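Written below as structure tokens is the structure these notes are about.
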Amino acid sequence: MNSIRSRSDSVRDFVTGRAQFIDDIPLPAGAFHVALGLSEWAHATITSMDLSPVRQAPGVVCVLTAEDVPGNNRCSQLGDDPIFAEQIVEYNGQCLFAVIARSHAAAEHAAQLAVITATPLLSAISIDEATLQQNRLVDPLTVQRGDMSVHTKHQVQGSIHLGGQEHFYMEGQIAAALPEANGEMRIVASTQHPAEVQLLVAAMLGCDATDVIVQCPRLGGGFGGKETQATQIACIAGLAASITGNACKLRLSRHDDMVLTGKRHDMRAHYVVGFDRDGLVSTLRVDLHVRCGFSADLSVAVCTRALLHLDNAYYLPNISFTAHLWRTNTSSATAFRGFGAPQALLVVESALLHVARELQIDSVELRARNFYRSAPADQTPYGMTVTDNILQRITTELLHSSAYTERRRAIALMNAAQPAIKRGIAFCPVKFGISFTQTHLNQAGALVNIYTDGSIQVAHGGTEMGQGLNEKIAAIAARAFGVSSQRFRVAAADTSRVPNASPTAASVSSDLIGRAVENAIVKLRERLIRVAALHHEMPEELCTIEDDCLVAGNLHVPFDQLVRRAYEARVSLSATGYYTTPEIHFDNKAMQGQPFYYFVYGAAVSEVAVDVLTGESRVLRVDILQDVGHSLVPDIDRGQIEGGFMQGLGWLTTESVVWSETGRLLTDGPDTYKIPTSSDMPPTFNVQLAGWSTNKRDTVFLSKGIGEPPLLLAVSVHLAIREAIAAVNPAGALSLSAPASPEAVLHALSP
């Protein structure tokens, strides 16, 4: 299982440059290109829109607005995201019109020529402005348990600002639409949710879902940014193709992509902690104030998951967690890897660090004292029992392998001797719930076809976006069938093959799709074994398939021959599979239930150096011990851990999303928005899989989802920077915002 090589080996294609993305796919001769005209106001009433200069520009075929939409001018299932703004503009960068031209350059040039006037309206850009205006998106969401009025001997409180994050996928938002001769519309979209694109394009065109086929060959990165927000791009491309009767492609420039689409939710959090002299937390109150943008998008779901992760690894007997969702005149905040859990983790870890500072207890010891344990200290605030807790062992092993205690002592001595460079080291545990919190999304289908030459095609509804999903599916299929992975080709996502698929998100795709594929393969194995048993006149229980052969005692029949025999016996060589996650349920109103099938555990120790004169910081060493269950493909899991950690590092140190007071995005390109590069990798980066761990739940081959949990481990870097700051200004360390930019660090260092 360590070296799976299948026909879906995306790694080889990426390295050699043979991997095709949507922009690489040849379009029919004479295909048109689309560009967008975007708003320059945060909130305004459009008084006039003169598009005649746009229509008259060289190469322009036509211009589309909301009036040209034959069906529903909406690109979200909740109905509050217009494809084109109508009379009211709700954020700077909102789409007003689309230009269809004979070349990409002509479309881009023409889109700048519109003459538009508008009357500005009162806007709310920041959380503070939205709070002042009481622009609530929905009523507050709350999780409560116990009695918050219980007496606590000690109490601390604090606030922290958590910034947003741009997805900055390598492949920007893009879609191509091709009208078919039979009246169907084929959409090739860079999306994490082809089924939603299908439904919303159909609603926009005023046709049935069966009239729209959505395909997704692969994504050049998604990270949540293409879960819902790719739909608008696909709708506009589909509308252009429908009106012109010609193939059309819409590829956003990096600038337009950044100003049009949403980011990770930024938040302002306030906490109040009650605890005893030993550091055991008895009460925790947290208020999250969340900038949601102009529409709902996935904000309720994101904030729900944030509330469900505010406990992280700790048993907290009395809690009150509230999320305040504020509507602002900015692009609609959306899904981002971790889906609210990273923000929640930073808040609770900040609160516990504050307690440790107050009591002068080592923060690792304080965290361990508050870990979930046996009943009754194994109940989450939302009523789920933690039955698979392995954090104590992970903590013990990681502290030993990272030499945490010895290095902490050495750092204290260095800090005493070094006035300009201060070091910090910190430990952070993670408990992350795996499943969609919307229960109905926890389902998947698959289609497996065996061809008479013995090759096998697997189709599923997930999207390959660099996370190795197709490699894992090939590994699962090969192991379940008992044949070589070289026989398998994993097909691109296609709504006409596997309908109604859930989005590729929430770290559950290999769980859901893997089980659906396994279910289909079990059916096919049974059919082939039945054929062999009848042909060789032996009991079915004596037959099995392994190493590309039917094996029954001394009998070995090559798989190709077995398949041919089944075909000649008129036995179907095609099967569908289906899977739903068992035992999960959640009441979204009461905020109670079992929203997760299982938890993934991990921990990190990070060491940093901070220049107290400039505020610059550098990560020197990271040690990670991550639970992955029985890994399906260890190299892929290790890559996800390293990549997720670095993406979290960027969110917490270098990536600042900044809007002006008038709502213009100031960080609108790589010159103003700084993601981590290879030079930001820690010189010492030790990643270990907890090879002894397993999954107590009945997942595919006892594996665990691993896409999101490692990002949360980067919180250890933020905590380590705080430890370095504390060597100069202990009070400032507690108020450090995220990201910990040089400016933020200097502010925290100031007395």
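Owing to the predicted nature of the structure, the values given are computational and were not obtained by experimental measurement. Residue numbers run from 1 in the order of the sequence given.
By the 30° and 60° cut-offs, the orientation of the rings of H309 relative to F432 is tilted.
Within the 4.5 Å cutoff, no side-chain heavy atoms of N72 are placed close to those of L200. H265 places a side-chain heavy atom less than 4.5 Å from the side chain of S299. Proximity of Q20 to D13: side-chain heavy atoms (C-beta onward) are nowhere separated by under 4.5 Å. Looking at heavy atoms from C-beta onward, Q94 lies in side-chain contact with P82 at the 4.5 angstrom threshold.
Taking OH from Y91 and CG from L665, the interatomic distance works out to 10.5 Å, rounded to the nearest 0.5 Å. I456 CD1 to R487 CZ: the interatomic distance, rounded to the nearest 0.5 Å, is 6.5 Å. Taken to the nearest 0.5 Å, the CD atom of Q626 stands 5.0 Å off from the CD1 atom of I641. Separation of atoms CE (M185) and SG (C207) is listed at 8.0 Å; rounding is to 0.5 Å. With rounding to the nearest 0.5 Å, the separation of CG in L38 from CG in N92 is 8.5 Å.
By the 4.0 Å N-to-carboxylate-O rule, E196 lies too far from K226 to be salt-bridged with it. Classification of K472 and D637 as a salt-bridged pair holds, one side-chain N sitting under 4.0 Å from a carboxylate O.
Between T452 and V563, the shortest heavy-atom contact is CA-CG1, 4.0 Å. Taking both residues in full, the closest heavy atoms of S435 and Y597 are given as OG-N, 3.1 Å, listed atom of the first, atom of the second, then distance.
A cation-pi contact, defined as under 6.0 Å to the ring centre and within 45° of the axis, links R254 to F168.
Of the candidates T437, V508, I584, F596 forms a side-chain contact (heavy atoms from CB on, under 4.5 Å) with just one, namely T437. Residue Q198 is tested with D211, V214, T210 for a side-chain contact (heavy atoms from CB on, under 4.5 Å); the sole match is V214. Test Q647, Q165, H167 against R337 for side-chain contact (heavy atoms from CB on, under 4.5 Å) and you get one pass: Q647.
In terms of modelled atom types and a separation under 3.5 Å, the side chain of T699 and the main chain of S703 share a donor-acceptor contact. The closest donor-acceptor contact from the side chain of T261 to the backbone of D257 lies under 3.5 Å.
Side chains of D297 and S332: a donor-acceptor N/O pair is absent below 3.5 angstrom, by distance only. Side-chain atoms of D81 and Q232 include no donor-acceptor pair closer than 3.5 Å.
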